[in-house]
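Written out below as structure tokens is the structure these notes cover.
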Amino acid sequence: MADYRLRAAEECFKSGNPTMAVDEAFAALDLNPKLPMVQNYITAYLVHSFASISSFCKKKKKDDTLVLCSILFIEEDCFVDVDEATIRKHYKEIALSVHPDKNHSVAAEGAFKIVRQAYETLISRHRLRNRGRKTAGPN
């Protein structure tokens, strides 16, 4: 039954519903907590869900920093200058769990690209913020 729910999750994702895919994958996990790789599938679906929120923010010209932090599963407040080491650590963990060589979900390849883009964007913003602080000098 758990395998069926995981297949259903994959079908939900293929049909463009990552939120339902997350629900189905959690149902599979509830039925069989030892089901291999289900956590990685869930991570890939969540990354896609967060990415759709990020796209919405961009369309509305809103700051998407918090969403990008969600993509990397950074729980710290991203508006309070998360350091590069924290961003890098979370990137490595999430990238490994969604890497298509390790995660056989149909969502994995796209999730891997989204995670990479979120990492590059957050690192770039972090460096720009810090450069601005260094050049501003003491008042």
Side-chain angles (χ1 to χ4, degrees):
M1 186 67 168
D3 289 336
Y4 170 78
R5 295 305 288 260
L6 196 54
R7 283 193 304 277
E10 289 284 270
E11 290 304 316
C12 288
F13 182 80
K14 286 181 196 175
S15 69
N17 194 341
T19 304
M20 182 62 83
V22 170
D23 290 344
E24 288 292 335
F26 271 118
L29 186 62
D30 287 343
L31 290 169
N32 183 357
K34 295 180 182 181
L35 190 64
M37 303 300 290
V38 69
Q39 292 92 346
N40 290 355
Y41 280 48
I42 292 168
T43 301
Y45 303 145
L46 286 172
V47 165
H48 281 277
S49 295
F50 293 142
S52 65
I53 296 168
S54 180
S55 294
F56 179 77
C57 289
K58 288 176 186 172
K59 284 180 190 172
K60 297 293 184 181
K61 296 181 174 35
K62 301 291 182 185
D63 184 20
D64 66 345
T65 302
L66 188 58
V67 179
L68 295 174
C69 287
S70 296
I71 289 170
L72 297 181
F73 293 78
I74 297 173
E75 296 175 9
E76 294 86 1
D77 186 356
C78 282
F79 297 106
V80 181
D81 200 19
V82 173
D83 64 352
E84 260 188 71
T86 300
I87 297 169
R88 190 173 298 108
K89 175 184 166 231
H90 283 266
Y91 165 70
K92 287 179 179 181
E93 289 173 7
I94 300 305
L96 184 61
S97 81
V98 298
H99 193 283
D101 290 345
K102 304 276 184 196
N103 184 333
H104 301 293
S105 170
V106 295
E109 186 174 340
F112 185 74
K113 291 175 183 176
I114 293 165
V115 166
R116 179 70 186 175
Q117 183 61 47
Y119 167 74
E120 289 173 355
T121 302
L122 286 174
I123 288 291
S124 175
R125 289 179 186 176
H126 173 76
R127 290 177 180 162
L128 281 172
R129 231 181 2 253
N130 284 344
R131 189 176 339 183
R133 288 182 188 153
K134 290 177 185 174
T135 59
N139 288 329

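Legend: salt bridge (charged side-chain N to carboxylate O under 4.0 Å, His left out) pairs involving residues 35-61, not counting sequence neighbours: none detected. Pairs engaging residues 13-34 under the salt bridge (charged side-chain N to carboxylate O under 4.0 Å, His left out) rule: Arg5-Glu24, Glu11-Lys14 [sequence neighbours left out]. The salt bridge (charged side-chain N to carboxylate O under 4.0 Å, His left out) pairs that include a residue from residues 103-117 are Glu109-Lys113, Arg116-Glu120, where partners are two or more places apart or lie in different chains. Within the structure, disulfide (SG to SG under 2.5 Å) contacts touching residues 37-75 (residues at least two apart or in different chains) are Cys69-Cys78.
Phe112 and His99 have perpendicular rings, their planes meeting at more than 60° on a 0 to 90° scale where under 30° would count as parallel.
In this structure His104 satisfies the ring pair (Phe, Tyr, Trp, His ring centres under 6.0 Å) test with no other residue, sequence neighbours excluded. Listed by chain and number, the residues in a side-chain contact (heavy atoms from CB on, under 4.5 Å) with Ser70 are Phe50 (sequence neighbours excluded). With sequence neighbours excluded, the residues that form a ring pair (Phe, Tyr, Trp, His ring centres under 6.0 Å) with His48 are Phe13. Residues passing the side chain to side chain donor-acceptor pair (under 3.5 Å) test with Asn17: none are found, sequence neighbours excluded. Checked against side chain to side chain donor-acceptor pair (under 3.5 Å), Gln117 has the following partners two or more places apart in sequence or in another chain: Thr121. Here Ser105 pairs with Glu10 under the side chain to side chain donor-acceptor pair (under 3.5 Å) rule; sequence neighbours left out. The side chain to side chain donor-acceptor pair (under 3.5 Å) test applied to Ser97 returns no partner, not counting sequence neighbours. Every residue was checked against the salt bridge (Lys or Arg N to Asp or Glu O under 4.0 Å) condition with Arg7, not counting sequence neighbours, and none meets it.
Considering only heavy atoms from C-beta on, Leu31 stays 4.5 Å or farther from Tyr4 through its side chain.
Counting non-hydrogen atoms of other residues, nucleotides and ligands closer than 6.0 Å to CE of Met20 gives a total of 12 or fewer.
In terms of heavy atoms, Ala108 sits closest to Pro100 at CB-CA, 4.2 Å.
Between the side chain of Asp83 and the backbone N or O of Thr86 there is at least one donor-acceptor pair closer than 3.5 Å.
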